[in-house]
Number of protein chains: 2
Amino acid sequence: MDTLVSEPGLGTKTRSNNRRAAILDAAAYRFRRQGYSATTMREVASDADMLAGSMYYHFSSKDALLLAVHQEGVRRIADNVDHALAASEKADPWTRLEMALTAHLESLLDRGDYAQVVIRDLPADNDELRAELIALRDSYEQRFRQLTNALPLNDPEKARWVRLMIMGAANWSRTWYRPEGATPSEIARHFVTLIKGDT
Amino acid sequence: MDTLVSEPGLGTKTRSNNRRAAILDAAAYRFRRQGYSATTMREVASDADMLAGSMYYHFSSKDALLLAVHQEGVRRIADNVDHALAASEKADPWTRLEMALTAHLESLLDRGDYAQVVIRDLPADNDELRAELIALRDSYEQRFRQLTNALPLNDPEKARWVRLMIMGAANWSRTWYRPEGATPSEIARHFVTLIKGDT
DNA sequence: GTCTATACTCTGATAGAC
DNA sequence: GTCTATCAGAGTATAGAC
């Protein structure tokens, strides 16, 4: 089996990169809504105005395509969170957590497809790919480990439960989120306030 | 397309029901680990020691099989929660919530396959089936609406956020749960305590 | 009720012309 | 880079023997 290594991509606006980006967009769109294995290469190709065979010039396999979507998804969501963290560098730990959570939720709920593919379940049949996707997600979540560890809590073990609870609730929000309802920033505020305790 | 209606099942121990139950078990096992569309009828049949064609005597289609697994899953998880609620009828609202959450987590994390299939994502291509599965899940979650509404909270709107946060964190727990780690009952206690506020 | 055999469609992927 | 054409295999489902 081929290696899955993938590359920078999406930087310069050459014609080649535009086509590659179109395929990625289409794949993210389909993977988000149908899941990975229910999506066919022909559907992705059709959305990107190509024929199925043509995509193999840009991506060596369907697995490689999923990996590329994950990489781009993690990059986007991490960039959003890092930006929020840089902007709130001097704020207190609870505020910083709320800001990061808002950025996380915005990536997931508003900006859409790529981030949600990262959240959805992983394919079970390819161990190499699976390990790579998990590593990607872990590297991102490291940010929230640091944020919860910085909270002023009496029990250090408590930080872990705060993280598991907040991240779980946040990642699950895609199942009940409606654009006409609470905004990502409001959701983040509610979640953090409930944990922090003072209403 | 055929109707998907399905029936009681699994009650009496006739030979027929045993084979049907074996198919359901195998399907739940595969659906949980691989997801619905990545699972093939041949895999399910093989796990149940049959050939693929033979299953169509018991279930008219793959969709019908998924629906049956969901129905059985909701039945099991609801039975567990209802039992916990009956046993804690006189307890205070926070304790009742914690008991119900423990039962929910036990169904999901320990007892296994059926309940987790209910939690996993729904197929996007069959609207009729999709609506039926969502209705099933909603009918179950109604229990937690009542539990959170009964909590002594200053703001009634807050009950909704408590429910979304706790159920989200609980349903997400299958991604990080390890049998050698915290038990369902410990997880439930941590979650409820974090919300309740007094450490 | 289960098996054998198979119909028919769709899948991911490749080869070679342009 | 994209298309046409196609392959080999796997997918759900059915028909009919037993």
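Letters A, B, ... are given to chains in the order of the sequence lines, protein chains preceding strands, and every chain is numbered from 1.
At a threshold of 4.5 Å between non-hydrogen side-chain atoms, the residues A:Ser37 and A:Pro123 do not count as touching.
Relative orientation of the A:Tyr36 and A:Phe31 rings is perpendicular, given thresholds of 30° and 60° on the angle between their planes. Ring planes of A:His190 and B:Trp161: parallel class, angle under 30° (limits at 30 and 60°).
In this model, a side-chain donor or acceptor of A:Arg42 finds a partner on the base of C:dG12 within 3.5 Å.
Distance B:Ile23 CD1 to C:dC3 C1': 14 Å, rounded to the nearest Å. When the C1' atom of D:dT14 is taken as reference, atom NZ of B:Lys62 falls 18 Å away, rounded to whole Å. When the P atom of D:dC3 is taken as reference, atom CG of A:Asp49 falls 9 Å away, rounded to whole Å. A straight line from CG of B:Leu129 to C1' of D:dT12 spans 15 Å, rounded to a whole angstrom. Atom-to-atom, CZ of A:Phe59 to P of C:dT14 comes out at 15 Å; the value is rounded to the nearest Å. Taking atom CG of A:Leu51 as the reference point, atom P of C:dA13 lies 16 Å away to the nearest angstrom. Taking atom CG of residue B:Asp125 and atom P of nucleotide D:dG11, one finds them 16 Å apart after rounding to whole Å. Atom pair B:Asn126:CG and D:dT12:C1' shows a separation of 14 Å (rounding to whole Å applied).
In the set C:dG12, D:dG11, C:dT2, C:dT2 carries the atom at the smallest distance from any side-chain atom of B:His58. Closest to the side chain of A:Met41, from the set C:dT2, C:dG12, D:dT2, is C:dG12. Comparing D:dT12, C:dC3, C:dG12 by their nearest atom to the side chain of A:Thr40 picks out C:dG12.
Residue B:Tyr56 has no polar side-chain atom (N or O) positioned under 4.0 Å from OP1 or OP2 of D:dT14. Residue A:Tyr57 places at least one side-chain N or O closer than 4.0 Å to OP1 or OP2 of D:dG1. The phosphate of D:dG1 has neither OP1 nor OP2 within less than 4.0 Å of any side-chain N or O from A:Ser54.
Counting any heavy atom pair closer than 4.0 Å across all strands shown, A:Thr39 reaches sugar-phosphate atoms only and no base atom.
Ranked by how close their nearest DNA chain C nucleotide is to the 5' end, A:Ala38 and A:Gly53 are led by A:Ala38.
Under a cutoff of 6.0 Å and an axis angle of 45°, B:Arg33 and B:Tyr29 form a cation-pi pair.
Using a cutoff of 4.0 Å between basic side-chain nitrogens and carboxylate oxygens, A:Glu186 and A:Arg189 are not scored as salt-bridged.
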